[in-house]
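Each residue takes its place number in the sequence, starting with 1.
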Amino acid sequence: MDPRHLYVHVPFCARRCAYCDFAIAVRRSVPVDEYAKSLSRELELKAVGNYALDSVYLGGGTPSRLGASGIARVLDLIRSRLGVNGETEITIEANPDDIDSVKATAWREAGINRVSLGIQSFDDSVLRWMHRIHD
């Protein structure tokens, strides 16, 4: 059975949230070049075949920390190895404090057509307990 869905883990975060059990790296500066090179190598080794993907999910961590050009680069790497077309759902996880109209426009231009917004709670005291940056 050919794979139809791809999850790409982007492990970078501004801080670790209290509830997080995921493999992440808290960084002020995100090593986008190193990450893209590693992803390219992994795709080269594992993405063997002509798959038509129904969905691509950039999760983490906080994929939006790659920046607009980093996200575009990651998606270009995926497109170069796997079947991604206009029907493919391409999702990015993002935190509320990571989104503005400029970033949303850049994500759309890169091919993102769905955002999974990590609000977690609308209660500021709960957000503080979770170590979330936004209110």
Does any N or O in the side chain of [X] come within less than 3.5 Å of the main-chain N or O of [Y], such that one atom is a donor and the other an acceptor?
X    : Y    : value
E93  : G60  : yes
T105 : S101 : yes
S80  : L77  : yes
R73  : L66  : no
R4   : A52  : yes

Hey, what do you get for [atom1] ([X]) to [atom2] ([Y]), rounding to the nearest 0.5 Å?
X   : Y    : atom1 : atom2 : answer
R81 : S40  : CZ    : OG    : 7.5 Å
R65 : R27  : CZ    : CZ    : 10.5 Å
L58 : S116 : CG    : OG    : 11.0 Å
F12 : S29  : CZ    : OG    : 9.5 Å

Distance-minimising heavy-atom pair for [X] and [Y]:
X   : Y    : answer
T88 : N113 : O-ND2, 2.9 Å
V26 : A14  : CG1-O, 3.3 Å
H9  : Y35  : O-OH, 2.7 Å
C13 : G61  : SG-CA, 3.4 Å
I92 : P63  : CG1-CB, 3.7 Å
L75 : I112 : CD1-CD1, 3.8 Å

Self-check item: Verdict with reasoning, V74 to I71, per side-chain contact (heavy atoms from CB on, under 4.5 Å)
Solution: CA-CA 5 Å; V74 163; I71 292 164; 5.7 Å; no
Exercise. Decide, yes or no, whether a salt bridge links E34 with K37 under the criterion of side-chain N to carboxylate O below 4.0 Å.
Key: no
Practice problem: Determine, stepwise, if the pair V10 / T62 fulfils side-chain contact (heavy atoms from CB on, under 4.5 Å). | Solution: CA-CA 6 Å; V10 182; T62 312; over 6 Å; no
Quiz item: How about E89 and Y57: does a side-chain donor come under 3.5 Å of a side-chain acceptor?
Solution: no
Exercise. Check the side chains of Y7 and H5 for a donor-acceptor pair under 3.5 angstrom, ignoring hydrogens and angles.
Key: no
Practice problem: Dump the intermediate steps for side-chain contact (heavy atoms from CB on, under 4.5 Å) on I99 and W107, then the final yes or no. | Solution: CA-CA 10 Å; I99 300 175; W107 297 345; 3.6 Å; yes
Practice problem: Tell me, with the steps shown, if I78 and L43 meet side-chain contact (heavy atoms from CB on, under 4.5 Å). | Solution: CA-CA 7 Å; I78 293 166; L43 288 169; 4.2 Å; yes
Self-check item: Option among D76, L53, D54 that satisfies the side chain to side chain contact (heavy atoms under 4.5 Å, CB included) test with V84
Solution: L53
